[in-house]
Engineer: 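Before I ask anything, let me first share the structure, which is written out below as structure tokens.
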Amino acid sequence: MPPSARPRRRRLIARAASVAITLAGLAVVGAAPYAQQAPVLVSVDASKTGPTLNRHLFGQFAEHLGKGIYEGVWVGTDSPIPNTRGIRNDVVAALKVLKVPNVRWPGGCFADEYHWRKGIGPLKERPVTLNPNWGGVMEPNTFGTHEFLDFAQQIGADPYLSVNVGSGTPAEAADWLEYLTTDQPTALAKERAANGHAAPYRIPILGIGNESWDCGGNMSPEYYTSQLRVFSRFVRNFNPAQQDKDRMLKIAVGPGGGEPRFAEWTETVMKSWKGRQWSWDHMDGLSLHNYTVVRFPAAYKSVGFDEQEYAEILQDTLKMDRLIREHSAIMDKYDPEKTVALAVDEWGAWYAQLPGTTPGFLAQQNSVRDAIIVALNINIFARHADRVRMANIAQMVNVLQAMLLTDGPKMVRTPTYHAFRMYVPFQGATFVPVTFDAGRYVQGAITLPRVDAMAARDATGTLWISLTNVDPKTPIDIATTLTGMTARSASGEVLTGAAIDSVNTFDAPDTVAPTPAAVTLAGNRLSVTLPPHSVTVVGVRP
Ligand code: AHR
């Protein structure tokens, strides 16, 4: 269904309270007017640890949508754009830097109309089909299963396949998994070998449908749950050697956005998990989709917006915390041990499409505000890391809140890319609680926390602190007291731009790029000034 027809369901229901705001894991204390220039005190006790920030929190999503795959990733082997087996070298090189842990494919809504057999075999013999969800354009199927797995391997990411539940069958999906994973010489394995890959593939993550309450089939929670039971029985890893080592994780369709009806969805799916004798075979994760969009159809601009829209979008993005809390509470009733992960496998900003771009292609620019959205959301995931163990930003290239934009042979890294790059050290690190007075940023009727902070310690003992200044007008001095470790040195990077809507373009690709942060360390007191509308990440070495 075209985006304009959909997402009333993702509309923000509740607005943040305007005076006292509480975020998970931190205390936001009252009214520090931002005219006041006293440093914001941040306390970190590095000896106190929380859950691991699963590396899969930094996952991505690449759908057959607009120029996300075709042009963005796949240019074909005959292209003058440098490529390896049809996959753009510049995109691969840029993504490798991000250590992308997993990439979800082929959708999205596209997944529930995707028939994998159309995307295997000799390229020239593949049928051209339609992509009704996204512009009704032709789908050449030249980027199929083998090409996706090649791409995942080139960037070093785990593949996360989403199987077609809406218009497919358990047999079709089971065949796909047998084709991919079996090490027996079955007809499907021989076909895989004939198509160039004799060795079994490893599929560590599998989605059972996508948004089955909407574009994935308009199912009721009860109907979806029946489908889940059937699919999860038949669609499996057919390679025993792989099962022993690293069992394939199954992600069930969960809620989308803040509509009250999604409480019933989570309840129904979790109840069904609880009732299963072999519950481990049923699902390992429940997805949550949540876009930052004030209302659909998305009308807010991705560049050229004013401070009011800046504030409204940031207010909207913070609803992620409430959604995670609400659905985690339901999950806790059936799964107090938190065996089932909450997988936020679609998140990010959804703005009006750029003027002059193809309807349904979801092309948007990416500004400093988007880098702040990255920091705020990842910080929320980190505070819920005991339950939230996977997340996938939407999407990877050229679509929605993308890492990279391409135009023919040109490629540009977005502010979102840079924020992800700065957060790489948090992958697999151990959460360390921080306390601080977030103060208030006020714009019209909107009041938001002015500062956000999150910390984690990596395997080498380095403490990483992320500090975000939401305030678009005023710099903030931060004074951090570190206990529980001896700090020997510190350095950091800051990401900002001249304006809240500063962007990178093909002509000026480095307008928004990280620069060294002026960090000072005196004993165990660390000081840094956060420019307006900025994200800073500091590493403190023991
Ligand atoms: O990311 C774009 C679309 O948003 C996905 O295809 C769908 O799952 C969601 O509605």
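Both counts, for ligands and for their atoms, begin at 1 and track the order of listing. Here, residue 1 is the first one in the sequence, and each next residue gets the next number.
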Engineer: Going by distance alone, is a donor N or O of one side chain under 3.5 Å from an acceptor N or O of the other, for Tyr160 and Asp345?
Structural biologist: yes
Engineer: Can I get a per-line list of side-chain donor-acceptor pairs under 3.5 Å for residues 352-363, giving both atom names and the distance, sequence neighbours left out?
Structural biologist:
unit_1, atom_1, unit_2, atom_2, d
Gln353, NE2, Thr357, O, 3.0
Thr357, OG1, Leu354, O, 2.5

Engineer: Quick one: which ligand 1 atoms are inside 4.0 Å of a heavy atom on Cys109?
Structural biologist: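 Taking each heavy atom of Cys109 in turn, ligand 1 has 5 (C), 6 (O), 7 (C), 8 (O) under 4.0 Å.
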Engineer: Can you name the residues that form a side chain to side chain contact (heavy atoms under 4.5 Å, CB included) with Ala394, not counting sequence neighbours?
Structural biologist: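 Ala394: side chain to side chain contact (heavy atoms under 4.5 Å, CB included) contacts with Phe61, Tyr291, Leu400.
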Engineer: Hey, which atoms in ligand 1 end up nearer than 4.0 Å to a heavy atom of Phe61?
Structural biologist: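 Selected atoms, number and element: 1 (O).
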Engineer: Would you kindly specify which portion of Asn210 sits under 4.0 Å from ligand 1, judged on non-hydrogen atoms: side chain, backbone, both or neither?
Structural biologist: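 Side chain only.
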Engineer: Using heavy atoms and a threshold below 4.0 Å, how should the contact between Asp214 and ligand 1 be classified: side chain, backbone, both, or neither?
Structural biologist: neither
Engineer: Has Phe506 got more than 12 heavy atoms of other residues, nucleotides or ligands less than 6.0 Å from its CZ?
Structural biologist: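 Atom CZ in Phe506 is packed in, count exceeds 12.
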Engineer: Under 4.0 Å from any heavy atom of Gln395, which atoms of ligand 1 are there?
Structural biologist: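 Answer, ordered by atom number: 1 (O), 2 (C).
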Engineer: So, regarding Phe110 and ligand 1 (criterion: nitrogen or oxygen to nitrogen or oxygen, under 3.5 Å), is there a contact or not?
Structural biologist: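 N/O-N/O distance below 3.5 Å does not exist for this pair.
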Engineer: Go through the side-chain N and O atoms of His64 and Asn133 and say whether any donor and acceptor fall under 3.5 Å apart.
Structural biologist: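 Looking only at side-chain atoms, Asn133 and His64 do not form any donor-acceptor pair under 3.5 Å.
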Engineer: Compute whether any side-chain donor of one residue and acceptor of the other, for Tyr114 and Asn210, lie under 3.5 angstrom apart.
Structural biologist: no
Engineer: Any idea which of Tyr291, Trp350, Trp134 brings a heavy atom closest to atom 1 (O) of ligand 1?
Structural biologist: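 Nearest option to atom 1 (O) of ligand 1, by heavy atoms: Tyr291.
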Engineer: Hey, which atoms in ligand 1 end up nearer than 4.0 Å to a heavy atom of Leu400?
Structural biologist: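 So the atoms of ligand 1 that pass are 1 (O), 2 (C).
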Engineer: Considering only heavy atoms of Glu211, which atoms of ligand 1 have at least one such atom less than 4.0 Å away?
Structural biologist: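 Heavy-atom distances to Glu211 below 4.0 Å select 7 (C), 8 (O), 9 (C), 10 (O).
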Engineer: Are Phe151 and Trp105 near enough that their ring centres are under 6.0 Å apart?
Structural biologist: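 Not close enough - the centres of the two rings lie 6.0 Å or further apart.
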Engineer: For ligand 1, which atoms sit closer than 4.0 Å to a heavy atom of Glu63?
Structural biologist: 1 (O), 2 (C), 5 (C), 6 (O)
